[in-house]
Amino acid sequence: MNILAIETTGAFASVAAAYADVSEGRLAEFEIRAHVQGHDEFSHLQNLTPQIDEALSDAGLKIGDVDAIAVSCGPGSFTGIRIGVSTARALAQVLDLPCIPVLSLKALSMRIDGEGALVCPILDARRSQVYGAGYAPEEIIPPGPYTLEEFLDKVEESGRERVIFMGDGVDKYAKAIEDRASAGGVRVDFAPEDVRYQDAETVALQGARLAAEGRSCSYGELEPEYMRMAEAERRLREKKAEEADG
């Protein structure tokens with residue numbers, strides 16, 4: 001099957017076209033046929049469609065050759081998530097294709113070989129929070145929104161001696177992570193910048209694995225995974241609560 005993979009949850013959008021041999025409930029073969037990486041920060045709305053066209057062209061495919069659309073559904077940038085999910089929905093509806101929702105944290109963790117370490121993707125969720133998870137490669141820390149301290153508590157509770165952090169949360173919280181780790185005797189590494197951030201190649205790979213497990217959905221069932229309400233919605237609810245209180 002030919003998979004079109006879309007990643008828009010980070011600062012730079014990317015698209016991949018991949019071939020996957022999915023049979024008897026397993027992924028027998030997987031190959032990235034083309035990959036297009038965006039270089040304009042948060043320009044998903046303008047650049048995503050041209051990136052899709054370029055990836056398909058580079059792979060020698062037409063849009064009608066696509067068998068499924070894998071999309072990073074979150075968490076991450078709320079606007080980016082909406083653009084990616086909306087694009088996947090529209091294409092799937094027009095082409096009558098299944099969608100494969102991929103958690104951005106899981107796909108991000110697959111960009112590096114942890115070699116026995118606990119791999120922790122963390123994304124800056126603002127307001128002193130991160131979206132985080134821990135994999136080795138099985139799930140050790142459940143994906144979710146955490147304060148940094150809550151997440152580092154989870155890391156310590158895992159009992160792992162070596163932890164690799166990745167994602168844009170590293171850019172903001174590296175010093176705090178190092179200070180906490182040194183106090184707890186945990187060896188901490190940060191993923192190199194060339195594999196630190198979200199990318200469509202591992203969205204395609206995780207999408208293929210999920211497809212092999214039969215975990216696809218219709219365009220109408222594809223939903224974003226924000227993990228918390230948007231800031232505007234939060235403020236609106238707070239305002240309504242204040243007005244209700246009088």
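Since we're looking at a predicted model, the values are computed, not measured.
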Within this structure, what is the [atom1]-[atom2] distance for the pair [X] and [Y], rounded to the nearest 0.5 Å?
X: Ser72; Y: Leu103; atom1: OG; atom2: CG; answer: 7.5 Å
X: Phe30; Y: Gln206; atom1: CZ; atom2: CD; answer: 10.5 Å
X: Glu54; Y: Asn47; atom1: CD; atom2: CG; answer: 10.5 Å
X: Leu222; Y: Ser216; atom1: CG; atom2: OG; answer: 11.0 Å
X: Tyr131; Y: Thr9; atom1: OH; atom2: OG1; answer: 10.5 Å
X: His35; Y: Gln37; atom1: NE2; atom2: CD; answer: 5.0 Å

Determine whether [X] and [Y] make a side-chain contact, defined as any pair of heavy atoms from C-beta on separated by less than 4.5 Å.
X: Leu105; Y: Glu225; value: no
X: Tyr135; Y: Pro121; value: yes
X: Arg160; Y: Ile140; value: yes
X: Leu4; Y: Leu91; value: yes
X: Pro98; Y: Ile69; value: no
X: Thr87; Y: Ile52; value: yes
X: Ser128; Y: Thr147; value: no
X: Arg180; Y: Asp153; value: yes

Taking [X] for its side chain and [Y] for its backbone only, find out whether a donor-acceptor pair lies under 3.5 Å.
X: Asp67; Y: Asn2; value: yes
X: Ser86; Y: Arg82; value: yes
X: Arg228; Y: Ala125; value: yes

If two hydrophobic side chains count as joined below 4.5 Å and joins carry through other members, does [X] share a cluster with [Y]?
X: Leu95; Y: Val71; value: yes
X: Leu61; Y: Ile100; value: no
X: Met227; Y: Leu123; value: yes
X: Leu152; Y: Val170; value: yes
X: Ile177; Y: Phe151; value: yes

Nearest atoms (heavy-atom pairs only) where [X] meets [Y]:
X: Ala13; Y: Gln51; value: O-NE2, 3.2 Å
X: Leu27; Y: Ala20; value: CD1-CB, 3.8 Å
X: Pro101; Y: Cys73; value: CB-SG, 4.0 Å
X: Gly132; Y: Ile122; value: CA-CG2, 4.2 Å
X: Phe42; Y: Gly10; value: CE2-O, 3.8 Å
X: Ile83; Y: Thr8; value: C-OG1, 4.5 Å

Check your understanding: With sequence neighbours left out, which residue pairs that include part of residues 165-179 fulfil the side-chain hydrogen bond (donor to acceptor under 3.5 Å, both in side chains) condition?
Key -> Asp171-Arg196, Asp171-Tyr197, Lys175-Asp179
Exercise for review: Determine which pairs satisfy side-chain hydrogen bond (donor to acceptor under 3.5 Å, both in side chains) with at least one residue from residues 89-111, sequence neighbours left out, and list them in order.
Suggested key: Arg89-Glu223, Gln93-Tyr219
Exercise for review: Could you verify whether a donor N or O on one side chain and an acceptor N or O on the other, from Ser14 and Glu7, lie under 3.5 Å apart?
Suggested key: no
Review point. Looking only at side chains, do Ser218 and Glu221 share a donor and an acceptor under 3.5 Å apart?
Key: yes
Practice item. Begin with the C-alpha distance, continue with both residues' side-chain angles, and end with the deciding distance and a verdict on side-chain contact (heavy atoms from CB on, under 4.5 Å) for Met1 and Tyr19. Key: CA-CA 6 Å; Met1 67 186 302; Tyr19 170 76; 6.0 Å; no
Point to revise | Qualifying residues under salt bridge (Lys or Arg N to Asp or Glu O under 4.0 Å), relative to Glu150, sequence neighbours excluded | key: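 Residues passing salt bridge (Lys or Arg N to Asp or Glu O under 4.0 Å) with Glu150: none at all.
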Practice item. Could you walk me through whether Val203 and Ile6 pass side-chain contact (heavy atoms from CB on, under 4.5 Å), step by step? Key: CA-CA 7 Å; Val203 173; Ile6 297 170; over 6 Å; no
**Study point:** Neighbour count above 12 (heavy atom, 6.0 Å) for Gln46 CD
**Key:** yes
**Study point:** Atom CD of Glu138: over 12 foreign heavy atoms under 6.0 Å
**Key:**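 Buried by this count: over 12 neighbours within 6.0 Å.
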